[in-house]
Amino acid sequence: MSDSDAMLDLAVNIGELRLKNPVMVASGTFGYGPEYADLVDLSKLGAMVVKGIRKIPWEGNEPPRMVEVPGGLVNAIGLQGPGAQGFVDKYIPFLKQYDVPVIVNIWGTTLEEYGEVAAILDAADGVHALEINISCPNVKEGGIAFGTNVDTAANVMQMVRKNTRLPVIPKLSPNVPNIGDFAKIAEQCGCDAISLINTLPAMVIDIETRRPVLTNTVGGLSGPAIHPVAVKLVWEAAAAVNIPVIAMGGIQNAQDAIEFILAGASAVAVGTANFVDPMTPLTVIDGIADYMRRHNVQRFSDLIGALDVH
Amino acid sequence: MSDSDAMLDLAVNIGELRLKNPVMVASGTFGYGPEYADLVDLSKLGAMVVKGIRKIPWEGNEPPRMVEVPGGLVNAIGLQGPGAQGFVDKYIPFLKQYDVPVIVNIWGTTLEEYGEVAAILDAADGVHALEINISCPNVKEGGIAFGTNVDTAANVMQMVRKNTRLPVIPKLSPNVPNIGDFAKIAEQCGCDAISLINTLPAMVIDIETRRPVLTNTVGGLSGPAIHPVAVKLVWEAAAAVNIPVIAMGGIQNAQDAIEFILAGASAVAVGTANFVDPMTPLTVIDGIADYMRRHNVQRFSDLIGALDVH
Amino acid sequence: MAVSLVRSHSEKQAGYRELVLEAPTIAPLVRPGQFVHLRIPRLEHRLLRRPFSIFMADQDTLTILYKSVGTGTQLLTQVEQGEAVSLLGPLGNGFPEPNNDHIPLLIAGGYGVAPLYLLASRMARTGVLFVGGRTRTDILCDDEFEALGWDVQIATEDGSRGIQGLVTSALDAWAANNAGAEPAELFACGPDGMLRAVGERAITHNWKGWLSLDKHMGCGMGACLACVQRIRQPDGSIEWERVCKDGPIFEAREIVWEQENEDNHE
Amino acid sequence: MAVSLVRSHSEKQAGYRELVLEAPTIAPLVRPGQFVHLRIPRLEHRLLRRPFSIFMADQDTLTILYKSVGTGTQLLTQVEQGEAVSLLGPLGNGFPEPNNDHIPLLIAGGYGVAPLYLLASRMARTGVLFVGGRTRTDILCDDEFEALGWDVQIATEDGSRGIQGLVTSALDAWAANNAGAEPAELFACGPDGMLRAVGERAITHNWKGWLSLDKHMGCGMGACLACVQRIRQPDGSIEWERVCKDGPIFEAREIVWEQENEDNHE
Ligand SMILES: Cc1cc2nc3c(=O)[nH]c(=O)nc-3n(C[C@H](O)[C@H](O)[C@H](O)COP(=O)(O)OP(=O)(O)OC[C@H]3O[C@@H](n4cnc5c(N)ncnc54)[C@H](O)[C@@H]3O)c2cc1C
Ligand SMILES: Cc1cc2nc3c(=O)[nH]c(=O)nc-3n(C[C@H](O)[C@H](O)[C@H](O)COP(=O)(O)OP(=O)(O)OC[C@H]3O[C@@H](n4cnc5c(N)ncnc54)[C@H](O)[C@@H]3O)c2cc1C
Ligand SMILES: Cc1cc2nc3c(=O)[nH]c(=O)nc-3n(C[C@H](O)[C@H](O)[C@H](O)COP(=O)(O)O)c2cc1C
Ligand SMILES: Cc1cc2nc3c(=O)[nH]c(=O)nc-3n(C[C@H](O)[C@H](O)[C@H](O)COP(=O)(O)O)c2cc1C
Ligand code: FES
Ligand code: FES
């Protein structure tokens, strides 16, 4: 490590949570921890965001659940998961071995369930923040149904806020014309940060069978295809609030991540790219450090929102 | 032409407008007619949709106006154009040489201007329908500002409807959570069809200069990247109304077009793909005919909405 | 995870190719039935890796045997000797240790011979390979199995090689001739329809039937939950398991096949 | 529009390659200064065609001379003899007929020599080529011009060939030595900064200055309005013109350079 390296400061705060670097893995793309642990040292990640969890175990959707499209993939996993207590019992002991903040992505089909799952995870030792999923396009109730109306979104945020002292991070739906309003509501509800974007509602049809490829009919588009859309929304959301923004959507390399950061994101999450190359989060961290060196930026926080608009 | 070919019927009606086949070119991607006329016989197109026109000539945005991204491009042309009378004088005589319906894409910065441009084009001989652009992300006033609120969208639709006997086709913004509501409003306002999708608001940042690549800061994403998003919206919009739906977004080949048709579109438009290969509209027409032959479908209209949902 | 260099790449027979990769960190770990998840060079407009069974493995190299069926596998044919290919693997559970008291019956459809050949080459005893395909060019590796001393029985749908019909007909004929002679253990890889039919035989004859499932995959690592299959648990309950991580090999009795869309399998 | 076969493809000098395409329907129509819009084979994850000036053209073939600078041009280097490439062209206005009473001065930066060489090879008289670049490997085609009988003056920023400095310094020196001797006509192709400086010389010396602009393009056909440049009209008004269709060649006095971001040009 050179002198200048010793001075590079990649740390960033998300509410009271201090991350050693700004690069997380996005919910649903890195499992619950063990899946990639042989390849990627979890302690090197800014944070580990686990797959969406509701109060009770959940089956998710019938397969096929995923289909590849140009520049991305459409998934309709449907939030399969072991439930809040199942997660705590099965994965927390494993995750505790690593020096990494654990952020749990939570959802429910009712307002009450959002509160209950928050309370269960709040009581568990080893959970460091909650990301509220009000933007999943792949479940009939819950998810996006809450996230595209400012009032219902606010209700969920308040309910979760009431049930935990952990940092609360609503994950916003990209599927609205006024993302700033949702960002502001999050700030007003006392949330510690916001994250965006979730996948874009999408559909793929098999023209030979004349059926949707996904059994769920619709799914969510992720990957490089959505990156320019995500940058625009992150830029707009970050301008609307003072709480930190965690950005995701199509990050494949450090350059994609830095676009988000210049647009105002305090941290980023790598999603679909993990399937392409599980080392992506680590190469993104290194790439951000390289960029800082090249541009003589010592503190990561000086990059946040450093966009010069015409 | 074989016997079975003679029986293939590709014609379709959009309101009172009869198209010889369901494949148009999308506004802004085929100029005003002369640009591609040496390569593509305009008479073979289902319809020619010209670039957005307001009442007065308009400069559009400062360059750079376009940037390539994975699976698409982001443009912020900003609706440069010769104005309604300029268009009529300069291009109608040319377009009249061809046996092709001319659909003019119109916009304004005020409700009144939408009405005025409609009236001017209504009076011109050689215009066959008006597509109302309430969804362009690249102009500060007008465009998308009208298209993401049901009430202002309805005002524009009524204003145009009042000022013309031509078929009226509002072009909807993809940037809303409830596309069906906008489709229904169009039907209620007496529109003859709807078209969708326009580009998705997007942004690209040059991380070396720390500036947006486009002088306009934001632009609209088009191309294959948006196709699965468009299919989902078309499917939803078509389910909401009885008027025909004209679908566009990322069509590169007949398969992409047929996905839209199965999802409920009565016609499709080829956009960005014209830049890749100007022959795309013609290969899409041929590909639809091939598909009909292979699937023993004689009338194109039997394909519309022929999706079998799980 | 490794970056492997292509040692050789050649056509095996019409439509099928053999790709030999230098993978000294992966190859020695391979168990028969495992697979690698391969990023296809120059497949820039598609994101996902492609899974391929391991056909051969020694200390330094591993070989896959593949059929060109789509965008990715078509581009794969263009990979040249000396090129670098990114690999994840070895992945999946692999076949269990064969029971040496039972005669092994291997049932292969198309490229399904690949994992079965690795299995056979490491078995303590020989048995019978039933290999089927649409036509004669889909029959692969019969020579290799014969060289190992296996009895090879061929079936093609068009009758262009071996008996005409499905590979399960050949299996049924064998079972009828050998009724009760010796207990058998089945190992199968091929299309879902074939696996299902083989599974039914396993249950009927009261043999173990190890079936390698072929599901579209996302991560290949157990993280994305794209590849799930309903599996009967020891306690009788039914749970999703991940074909990439908990499979691809499951025992015939465990698998809860879909009731509907039976014909919709590839 | 045509699908052309690659007749040959070779390195010209470090970083620059020459691609010869069989294009019997396009090549005979070419005027110097026109370009082709080329779809790069295997560039599947990027959509747009790439514009390249026509460097040579005969009845059957046309040649482009290009520098590998990004995703597309890097992939272009892999195109092989016999491969098919889709072309739109010839596009653009091309240079006007040179005035044979004036001595032609050609000013080239980097690959900017390409259209100027075609122009020179079809001119009734010879003149002076001023060719500049960052370093010696950016100086192209000086031999070819000399073979045509042209006076070649070289400038490199690092002084590794010819005079050290910008190509406009060489032009200024020539102008000083030849003051009033003979009226000149300028034809230039290269980066915006160079073109602008050349344009200033044209105006100062009261010569015509034909500048070939290099703008990022979408359609290349005049349809998308991505490539616009502000151009002074005969009536004094200023209008957008399309570099792909109305250009790429404009006269120095017509061009309304951007006031701001002067340093932002590539
Ligand atoms: C465990 C496992 C082992 C396999 N072993 C072999 C082998 O040894 N040899 C061989 O030739 N093939 C094997 N396959 C199938 C092989 O993965 C597919 O043929 C390949 O993914 C097709 O890719 P494509 O891009 O050519 O097809 P496309 O149809 O263009 O692929 C589109 C998407 O569908 C997926 N896909 C398409 N067909 C299949 C399929 N049959 N199975 C799984 N995913 C599919 C692709 O991975 C990709 O994500 C195996 C599959 C699995 C799951
Ligand atoms: C009229 C004209 C004539 C040209 N003639 C030549 C020539 O003879 N030889 C040669 O080597 N180059 C020439 N160029 C430049 C050439 O088009 C670019 O180098 C090429 O497009 C770069 O593509 P890329 O994918 O490698 O770069 P990337 O940077 O990956 O391209 C990204 C996008 O930017 C565009 N772009 C990038 N650089 C340029 C540029 N300098 N000019 C225009 N568009 C650019 C690309 O077309 C593409 O759309 C010419 C450009 C124009 C406009
Ligand atoms: C297979 C898959 C599963 C996902 N599961 C979840 C989830 O459980 N909860 C959630 O909030 N987001 C989920 N997402 C969305 C991602 O976290 C992320 O927001 C999105 O994919 C955009 O990022 P990307 O383009 O980098 O993948 C999932 C995405 C994918 C592809
Ligand atoms: C360069 C460009 C210019 C466009 N101009 C217009 C326009 O003037 N009016 C309009 O309604 N849509 C305009 N569009 C949107 C297209 O008509 C179309 O809705 C969109 O590009 C999606 O289709 P595609 O993915 O096939 O391009 C434009 C798109 C592009 C790429
Ligand atoms: S492919 Fe991702 S869990 Fe199996
Ligand atoms: S590149 Fe489309 S108008 Fe010039």
Side-chain angles (χ1 to χ4, degrees), chain B residues 25-40 50-52 57-82 138 206 208-209 211 213-215 219 222-225 250 252 271-279 282, chain D residues 1-3 25-26 29 37-41 43-51 70-72 85-91 192 213-231 237-246 256-261 263-266:
Chain B
V25 287
S27 178
T29 67
F30 222 70
Y32 304 101
E35 296 82 356
Y36 282 109
D38 287 347
L39 291 176
V40 177
V50 300
K51 169 128 194 90
W58 184 245
E59 282 234 302
N61 294 323
E62 289 301 311
R65 291 174 168 188
M66 190 184 279
V67 52
E68 220 185 14
V69 292
L73 52 89
V74 180
N75 91 80
I77 306 298
L79 297 174
Q80 179 188 328
N138 300 328
D206 180 332
E208 296 306 322
T209 63
R211 287 167 153 260
V213 173
L214 301 173
T215 308
S222 64
Q252 293 212 291
T272 299
N274 293 314
F275 307 156
V276 184
D277 180 352
M279 298 300 160
L282 305 184
Chain D
M1 184 154 171
V3 173
T25 59
I26 293 179
L29 309 174
H37 213 26
L38 201 145
R39 186 141 161 69
I40 295 179
L43 186 61
E44 301 278 357
H45 57 311
R46 292 290 184 281
L47 293 177
L48 296 176
R49 289 168 177 265
R50 283 8 187 192
T71 329
V85 174
S86 162
L87 282 187
L88 292 175
L91 302 178
D192 266 17
L213 300 184
D214 179 351
K215 284 265 178 190
H216 288 213
M217 288 180 180
C219 65
M221 301 284 296
C224 75
L225 308 179
C227 65
V228 295
Q229 169 68 43
R230 283 207 170 80
I231 297 294
S237 68
I238 290 171
E239 303 274 357
W240 290 123
E241 296 203 5
R242 299 159 301 177
V243 169
C244 68
K245 181 87 182 175
D246 309 310
V256 184
W257 297 102
E258 274 186 59
Q259 300 304 306
E260 322 151 302
N261 306 335
D263 302 326
N264 224 6
H265 291 294
E266 293 183 353

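Every chain is numbered from 1, with letters handed out A, B, ... down the list of sequences.
- Ranked by heavy-atom pairs under 4.5 Å with chain D, the list B:Gln252, B:Met279, B:Glu62, B:Lys51 is led by B:Glu62.
- You'll find the side chain of D:Leu88 reaches within 4.5 Å of the side chain of B:Leu39, heavy atoms only.
- Between chain D and the residues B:Pro57, B:Gly60, B:Gly72, the largest count of heavy-atom pairs under 4.5 Å involves B:Gly72.
- Neither the backbone nor the side chain of B:Pro64 has a heavy atom closer than 4.5 Å to any heavy atom of chain D.
- Of all the listed residues (D:Met1, D:Arg46, D:His45, D:Met217), the one sharing the greatest number of non-hydrogen pairs under 4.5 Å with chain B is D:Arg46.
- Interface residue B:Val69: only backbone heavy atoms are found under 4.5 Å from chain D.
- Shortest non-hydrogen contact noted between D:Ala226 and D:Gly218 is CB-N, 4.1 Å.
- Ranked by non-hydrogen atom pairs under 4.5 Å with chain D, the options B:Gly223, B:Pro63, B:Pro34, B:Gly33 are led by B:Pro63.
- The two residues B:Asn61 and B:Gly78 make their nearest non-hydrogen contact at ND2-CA, 3.3 Å.
- The two atoms that bring B:Ile77 and B:Asn75 nearest to each other are N-OD1, 3.2 Å, heavy atoms only.
- B:Glu59 touches chain D through backbone and side chain together, each having a heavy atom under 4.5 Å away.
- Scanning both residues, D:Leu91 and D:Gly220, for their nearest heavy atoms gives CD1-O, 3.4 Å.
- Between D:Gln229 and D:Glu241 there is no side-chain heavy-atom pair separated by less than 4.5 Å.
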